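Treat the numbers as computed from the prediction; the structure is a model and nothing was measured. The analysis underlying the following values was restricted to heavy atoms, covering all of them including side chains, and did not include hydrogens, waters or symmetry mates. Read the numbers this way: they start at 1 and go in the same order the structure lists the ligands and their atoms.
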Amino acid sequence: MKHFTSANDIESAPSLVEEGLILKADPHQSKIGTNKTLGLIFFNPSLRTRLSTQKAAFNLGMNVIVMNIGKDGWNIEFEDGAVMNGATQEHIKDGVAVISEYVDILGVRTFPELKSKEKDYSEQVLNKFKEYSSVPVISLESATLHPLQSLADLITIEQHLIKRPKVVLTWAPHPKALPQAVPNSFLEWIKLTDADVTMTCPEGYELAEEFTEGVPIVNDQNEAFADADFIYAKNWSSYTHYGQVLDVREDWTITQEKMRLTNRGKFMHCLPIRRNVVATDDVIDNSIVYQQAKNRECAAQVVLKKILEANG
Ligand code: CP
């Protein structure tokens, strides 16, 4: 594996899940990262990704350096050929080239602006990291994908040992416009397993076809929940009416009453979660969301290990 920015960068999701679980059982079995450094660059906030990826690197013997570039760095210029006589002081080309001189693997988190579909889905920032970095790049969540989260989600589902589970990805309410990265990525990865996947959302919240291809979309949430083994809830802003929060009359909050329609289904969410908006307290308190968060560690660890193995 050179970079890790989507499911396209891996050979086999089931093998990666299996190796992740082996590392989870014995996190200190390999110190392949000794004398290597991981750099983590954040343009946006993070709790889980930041801490779990650091922990994963420490488990492998790596050193870690972290920078909140949006807060602590110079203002970054992204346009090629820009005449930098305005507010930006550092070109992305120079910044990334320099950071990659200090590290052996470089992680970056960058959210979409949710203003232009074309700009966000071109993954401008992530691709500039890949272009200008002299070391492998891992996505800590990009404008359209969150592969480390999805790998942790697959590991979590695998731990429940349900053969061909029915997995439902459901849209849930939120007061602000959020990215489509988590649901896009979840669909991309879950399709690589034997799970029976359904997506449910109000009309207007369908995701890009490249992710929903082959996935039934049901607009009736109760119908979709019937007999589900896993309910994966997430809010996202509209892809069709790009970046907008649409007027949805129905109550899409996940409640215990809705969970009773499932096959004793497990509630999943990537966190952070707005309690009693996305899902009620009792749903979250009886869920597997902390297990998911814990699995971010072994997911990151298996990815870092694979990259170190492949790149010496
Ligand atoms: N799920 C997730 O990526 O959490 P953070 O935004 O806190 O890293």
Subject >> Partners passing salt bridge (charged side-chain N to carboxylate O under 4.0 Å, His left out) against Lys234 (at least two apart in sequence or in another chain) >> reply: none
**OP:** Consider only side-chain N and O atoms of Asn184 and Tyr239, and report whether a donor and an acceptor are under 3.5 Å apart.
**Re:** no
Original post:
Is there side-chain contact between Lys305 and Ser30, with at least one heavy-atom pair below 4.5 Å?
Top reply: yes
Original post:
Exactly which residues line ligand 1, taking a heavy atom under 4.0 Å from it as the test?
Top reply: Ser46, Leu47, Arg48, Thr49, Arg109, His146, Gln149, Cys270, Leu271, Arg296
Original post:
Are Val215 and Leu169 grouped together when hydrophobic residues (ILVMFWY) are joined by side-chain heavy atoms under 4.5 angstrom apart?
Top reply: yes
**OP:** Indicate the ring-plane relationship of Trp171 and Trp252, choosing parallel, tilted or perpendicular according to the 30° and 60° boundaries.
**Re:** perpendicular
Original post:
Taking the inter-plane angle between the rings of Phe211 and Tyr121 on a 0 to 90° scale, is it parallel (under 30°), tilted (30 to 60°) or perpendicular (over 60°)?
Top reply: tilted
